[in-house]
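What follows is a set of notes on a single structure, which appears directly below.
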Amino acid sequence: MTTPSVQPTIKPLTAADDEIAAALAEAYLPPLLPALAFLTGDLGLLRPHLRIDPLTAREPQGGLSPEQQEEIRALALTTLATYRDAGGQTPLHRKQAGGQYAGGQTPLHRKGDDALTAIMEFGSGGADLTEYTDLLTEELGIDADHRAPDWTAAEFDADDRAPVLIVGAGMSGIVAGHRLNQAGVPFVMIEKNADVGGTWLENTYPGCRVDVPNQSYSYSFAQTDWPQHHSPRPVLLEYFRRCADEFGLRPHIRFEHEVIDARWDDAAALWRVRIQPADGDAVELDAQAVISAVGQLNRPNLPDFDGLDDYAGPTFHSARWDHDVDLAGKRVAVVGTGASAAQFVPIIAESVAELVVFQRTPNWFFPVEDYHADIAPGLRWLFAHVPHYRSWYRFWQFWRGAESVLPACEVDPEWDGDRTRAVSALNDEMRAMLTMYLEFQYESDPELAAKTVPTYPVASKRVLVDNGSWAGALLRDNVQLVAEGIDRFTPTGLVDSSGAAHEVDVVIFATGFQASKFLTPMQVVGRDGSNLHDRWAGGEARAYLGVTVPDFPNFFVMYGPNTNIVVNGSIIFFSECETNYVLSCLELLYRGGHQSMAVKADVHDAFNAEVDAGNRAMVWGASTVNSWYKNDAGRVTQNWPFSLLDYWRRTRTVDPADYHLH
Ligand code: NAP
């Protein structure tokens, strides 16, 4: 039996009207008419009075009124019944069959088609998408993988060069491997773990799930049938495993191998890479290029507390969860209240005897009602039976989550409000709204509210996703929130800065990662002996577009400096953009018969000055609250300060003038 494709095939629509109507009762409506207009080519379905209002886009059903919803469902039912009665044919299909449209695609599939733009504009609530349509067509990914390379190494007689070496087979490594495979570029992937999946393999803590919507947190070219809006870790791991299988990557991967160092040999124009297998001696491999796809959030940050060594009970970090420690009935301390703690605290709170949560800085939360919910059966049925509805749903998620919150994160130098609490009127409005959300939840416990409602500006730190489970956990009788700092550990527990002792059986560190230490512990030595870690000492990691570094020829970083997003979009989008850029660089090398390329220092420096200024103008750069976005000197080394469109544009193709080519 062959494994079904990651991308499910659409099932024939033969259901009776009442079955379709029942599914439509659970449909998500904002992308439904766009999907049907795309399917049928009937733009008359895009009735102006049924368009969502962007101002209410975040409300359930995009803020559509019950009357609008009813009319959309009725229109959809008629359209789908006609489609069914025509045997799954539409006027567009008939033209296609009659030979007017070649290649199984209609004009609607093409970038820049006017009708496609009109559908997108309707779906966005009337935005002017002139600049966005190409990006959005790629994101839709309907019947075409628009980001696939349109060249092969063989065309340039480059298919017998030394392999490209990808370090890491997580989310970024998989897309890089897939694209190299498509282009016929020889490559090897080195993975320290025994399987693919990266963060989704390593993080096994209870409640681990993706906190951006799954339809966005998936490859544009491998959209799939998700069971939940924010799927749990096992589902995500399975997705990445299946992608690796389907893209034929496993034969290229050396599992349980770790790159020790990579040294650039200028004379040979090769990276000499030393690799340590789990068993046996280190091996050497020559690579024409190295792509680091090692991830950024996988080296646990374990603070050095006084007395920690004396503590007698078990301790572990959230990303190295010790499943041998049974927490049931125990007194447990959790240090840290970031994204990881927010996911597992509500779960372990149900079985432990007592839970003491040590909070240093409270979080802002975006309410997301369906955070833990299954995708309703009717909606899932429609995804399975209505061609392209799933992609239009992704379009909707992408658009809604893309740039919409960004304006509320920009610093307004003219704003004369309290700058410790907000950076603009819009940011202040968002603060007021999210404050209301939190205060409502802690209504019964004003003391807890005082400790947990932040006062620093929203989006200075990562805003977490919530459906009430965090407050629900903190309000439990067996849970105590300690907002005082940790003074020291004792053999039996912790003492907080007020002097209160907390006796506990187990301590869990949810203290995040050493995010500023990019690419450690791997050593990378470039031209003239330049060491990347020296270059980036003190957490001063910088790269051009987050990808290339002067003096490190043919070395490409994925999820590198300043490519993290705070409030908008999915990190997979960035990985796809970075991969496009790397492939464009390789094409430039091959097409010109070059052996190496290194970004020019002035191009790199000018870009970084722009990014630094951009980040200072955003709330996460301007606010003084501590966050993993900044290095010790207070510079934001993690975040991309501009729009997704901007990053996509800059990474579409390499500009040869930016590089020294040899
Ligand atoms: P984190 O957000 O960095 O949170 C670490 C927590 O530990 C913070 O509350 C921090 O307090 C606290 N802390 C650190 N050092 C401390 C010390 N010395 N004393 C007391 N408290 C200390 O780490 P995380 O929760 O693991 O998440 C990291 C990132 O991973 C997230 O921002 C996100 O990008 C990603 N992530 C994603 C998901 C998802 O999508 N499902 C889930 C988990 C993580 P301060 O706030 O004061 O620093």
Side-chain angles (χ1 to χ4, degrees), residues 170-171 198-200 202-214 216-218 228-237 295-306 308 316-321 333-345 347 356-366 368 371-372 401 451-452 454 456 459-466 469-470 481-489 494 496-497 507-516 559 563-572 574 620 623-630 632 638-640:
M171 178 276 286
T199 194
W200 300 111
E202 291 175 6
N203 280 278
T204 63
Y205 63 78
C208 179
R209 62 173 67 230
V210 63
D211 63 7
V212 279
N214 249 157
S216 296
Y217 190 84
S218 47
Q228 299 201 332
H229 297 280
H230 298 262
S231 293
R233 173 247 178 200
V235 175
L236 288 151
L237 180 56
Q296 205 190 84
L297 299 167
N298 51 15
R299 287 167 309 283
N301 166 43
L302 281 168
D304 189 15
F305 292 105
D306 273 358
L308 181 54
F316 55 87
H317 186 272
S318 58
R320 303 283 183 273
W321 197 271
V334 171
V335 181
T337 53
S340 302
Q343 293 189 327
F344 72 75
V345 160
I347 296 186
V356 192
V357 178
F358 288 87
Q359 169 194 278
R360 193 164 66 176
T361 317
N363 293 296
W364 289 109
F365 290 93
F366 279 135
V368 172
Y371 187 27
H372 292 164
K451 289 183 193 175
T452 50
Y456 63 81
S460 316
K461 291 163 81 72
R462 193 156 193 262
V463 183
L464 306 184
V465 168
D466 183 57
S469 56
W470 179 248
L481 183 92
V482 177
E484 286 77 23
I486 296 168
D487 182 61
R488 63 185 188 280
F489 276 68
L494 302 84
D496 70 34
S497 57
V507 178
I508 304 171
F509 292 104
T511 40
F513 300 92
Q514 303 174 42
S516 282
Y559 202 5
T563 58
N564 184 59
I565 35 175
V566 185
V567 287
N568 55 331
S570 148
I571 203 65
I572 292 190
F574 272 72
W620 49 79
S623 161
T624 53
V625 74
N626 63 316
S627 78
W628 63 265
Y629 299 150
K630 292 178 183 166
D632 293 344
Q638 309 289 336
N639 299 337
W640 178 246

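Just so you know, ligand 1 is whichever comes first in the structure, and atom 1 is the first atom listed for that ligand. As the structure is a computational prediction, the values presented were derived from the model and not from experiment.
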Minimum-distance pair of heavy atoms, taken over all atoms of [X] and [Y]:
X	Y	result
Ile571	Thr563	CD1-O, 3.5 Å
Ile572	Ser218	CD1-N, 3.5 Å
Glu202	Asn298	OE1-CB, 3.5 Å
Pro300	Gln514	O-NE2, 2.9 Å
Phe358	Ala333	CE1-CB, 4.0 Å
Arg360	Asn626	NH2-ND2, 3.4 Å

Hey, is [X] touching ligand 1 through its side chain, its backbone, both or neither, going by heavy atoms under 4.0 Å?
X	value
Pro303	side chain
Asn626	side chain
Leu297	side chain
Ala510	backbone
Phe358	neither

If you have a sec, work out which protein heavy atom is nearest [atom] and how many Å separate them, to one decimal?
atom	value
atom 11 (O) of ligand 1	Arg360 NE, 3.6 Å
atom 3 (O) of ligand 1	Trp628 CD1, 3.4 Å
atom 24 (P) of ligand 1	Ser340 OG, 3.4 Å
atom 1 (P) of ligand 1	Gly512 CA, 4.0 Å
atom 40 (O) of ligand 1	Asp211 OD1, 2.9 Å
atom 39 (C) of ligand 1	Arg209 O, 3.5 Å
atom 4 (O) of ligand 1	Gly338 CA, 3.5 Å
atom 19 (N) of ligand 1	Phe305 CZ, 3.5 Å

Requested in this report: Quick one: sort the Phe509 and Phe489 rings into parallel, tilted or perpendicular, breaks at 30° and 60°.
Outcome: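 Phe509 and Phe489: tilted rings.
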Query - Plane angle bin for Tyr205 and Trp321 - parallel if under 30°, tilted between 30 and 60°, otherwise perpendicular - result: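 Answer is tilted, since the angle falls between 30° and 60°.
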Once rounded to the nearest 0.5 Å, what's the spacing between atom [atom1] of [X] and atom [atom2] of [Y]?
X	Y	atom1	atom2	answer
Ser469	Gln343	OG	CD	9.0 Å
Thr624	Lys630	OG1	NZ	6.5 Å
Tyr456	Lys461	OH	NZ	5.5 Å

Quick one: which ligand 1 atoms are inside 4.0 Å of a heavy atom on [X]?
X	answer
Gly336	6 (C), 7 (O), 9 (O), 12 (C)
Thr361	45 (P), 46 (O), 47 (O)
Thr337	6 (C), 8 (C), 9 (O)

Query - Steps toward side-chain contact (heavy atoms from CB on, under 4.5 Å) verdict (Leu464, Trp470) - result: CA-CA 10 Å; Leu464 306 184; Trp470 179 248; over 6 Å; no
Query raised in the report: So does Arg299 have more than 12 non-hydrogen atoms from other groups sitting under 6.0 Å from CZ?
Result: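 Yes, CZ of Arg299 has more than 12 neighbouring heavy atoms, counting only those of other groups under 6.0 Å.
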Query raised in the report: Any non-hydrogen atom of Phe509 lying under 4.0 Å from ligand 1?
Result: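 Checking ligand 1 against Phe509, which is what was asked, there is no heavy-atom contact under 4.0 Å.
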Requested in this report: Would you tell me which option among Arg462, Gln343, Arg233, Gln359 has the nearest heavy-atom contact to atom 34 (O) of ligand 1?
Outcome: Arg462
Test your reading of the structure: does [X] have an N or O sitting under 3.5 Å from an N or O of ligand 1?
X	answer
Ala339	yes
Lys461	yes
Tyr205	no

